[in-house]
Every structure is written in structure tokens, then in C-alpha cells.
Enquirer: 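One structure follows; several queries about it will come next.
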Amino acid sequence: MEKPESSTAAVSAFEGLGADLGDAGIVLGQMFGASSLMLNKKAIACLHGNSVAFKLGKDSAEHARALGLPGAELFDPSGMKRPFKDWVEVPLASSSERPGLADAALAAATA
């Protein structure tokens, strides 16, 4: 499966998320063939087309809340119906939710 292209606006917004979390030790990196937000060499979020996938933990309240957003789904980077159960992909339409989800992904990574 081909990796979906990200718009310039999506890349800029994703980089902004990373910059906002820079004080917490988040750096931009690569994971899953995509731009990712990394904490200690582990991805907590990644850009997938114009969507962002967040690692929230499958049994967390934030994971359930994220899945309730319009168009959100479990992250399946291969497109082969093998989603990552801890990850939720959130579409551009829910971009106002992304900062809170990034904070939740950071909290999950440091728990």
C-alpha cells in the first residue's frame, strides 16, 4: 500500500504539535515511514496523510474518546486490516482535538 501524501498545511500543523511538546522531550523523527513525534526513540504520534495517529493505549478513556470522533479509526498503517490497537487515527476534520490527544499520548508514554 502506498503511503498517503500529506498536505503542506498538515505537515505544518503536525510540526507545530511537536514544537508545542518540545519542552517535554518530544522530537520529530521517522516511524512507520512517516513523520513522527518521538519520546526517547519511541513514537507517540505520526502523520498519516492529513490524519494524525496517536498512541493512547487501547483501554484508556482517551482512546475511547478519540475513537468517538467523526471519522476516527484504529490506525492501520499497512492498510491490510491489521490495525494497531493502541493507536487511533484522527482525521483533519478533528484537528482541534489534536493538541489534547498529543498531551494524552505523551501522558500514556510516561505512565
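Residue numbers start at 1 and run along the sequence shown.
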Enquirer: Can you name the side chain to side chain contact (heavy atoms under 4.5 Å, CB included) partners of V27, sequence neighbours left out?
Expert: M38
Enquirer: So if you build clusters from Ile, Leu, Val, Met, Phe, Trp, Tyr with side-chain heavy-atom gaps below 4.5 Å, do L47 and I26 land together?
Expert: yes
Enquirer: Main chain of K85, side chain of H63: is a donor-acceptor contact present, judged purely on distance under 3.5 Å?
Expert: yes
Enquirer: Hey, what do you get for CD (E89) to CG (L67), rounding to the nearest 0.5 Å?
Expert: 11.0 Å
Enquirer: Under the salt bridge (Lys or Arg N to Asp or Glu O under 4.0 Å) test, which residues partner E97, sequence neighbours left out?
Expert: R65
Enquirer: Rounded at 0.5 Å granularity, tell me how far OG in S51 sits from CZ in R98.
Expert: 6.5 Å
Enquirer: Can you give me the closest heavy-atom contact between A10 and G49, atom names plus distance?
Expert: CB-O, 4.2 Å
Enquirer: Give a yes or no on whether L21 and L28 share a hydrophobic cluster (residues Ile, Leu, Val, Met, Phe, Trp, Tyr; joining criterion: side-chain heavy atoms under 4.5 Å apart).
Expert: yes
Enquirer: Would you mind reporting whether S35 and Q30 have side-chain heavy atoms less than 4.5 Å apart?
Expert: yes
Enquirer: With a 3.5 Å distance limit and no angle check, can you tell me whether S36 reaches the backbone of M31 through a side-chain donor-acceptor pair?
Expert: yes
Enquirer: Can you name the nearest heavy-atom pair linking S94 to P70, along with the distance?
Expert: OG-O, 3.9 Å
Enquirer: Nearest 0.5 Å, what's the CG-OG distance between L101 and S96?
Expert: 9.5 Å
Enquirer: If you compare all heavy atoms of A108 against all heavy atoms of K55, which two are closest, and at what distance to 0.1 Å?
Expert: CB-O, 4.2 Å
Enquirer: Just verifying a value: how many Å separate L17 CG and L106 CG, rounded to the nearest 0.5 Å?
Expert: 11.5 Å
Enquirer: Taking the side chain as every heavy atom from C-beta outward, state whether L56 and D86 have any pair of such atoms under 4.5 Å apart.
Expert: no
Enquirer: Look up atom CG in L74 and atom CH2 in W87, then write down how far apart they are to the nearest 0.5 Å.
Expert: 12.5 Å
Enquirer: Which heavy atom of V88 sits nearest a heavy atom of A66, and at what distance?
Expert: CG1-CB, 3.7 Å
Enquirer: Report yes or no: do F54 and F75 belong to one cluster of Ile/Leu/Val/Met/Phe/Trp/Tyr joined by side chain heavy-atom distances under 4.5 Å?
Expert: no
Enquirer: Of all heavy-atom pairs between L39 and A109, which one has the smallest distance, and what is that distance?
Expert: CD2-CB, 4.0 Å
Enquirer: Say you draw a straight line from OG of S6 to CZ of F14; how long is it, rounded to the nearest 0.5 Å?
Expert: 9.0 Å
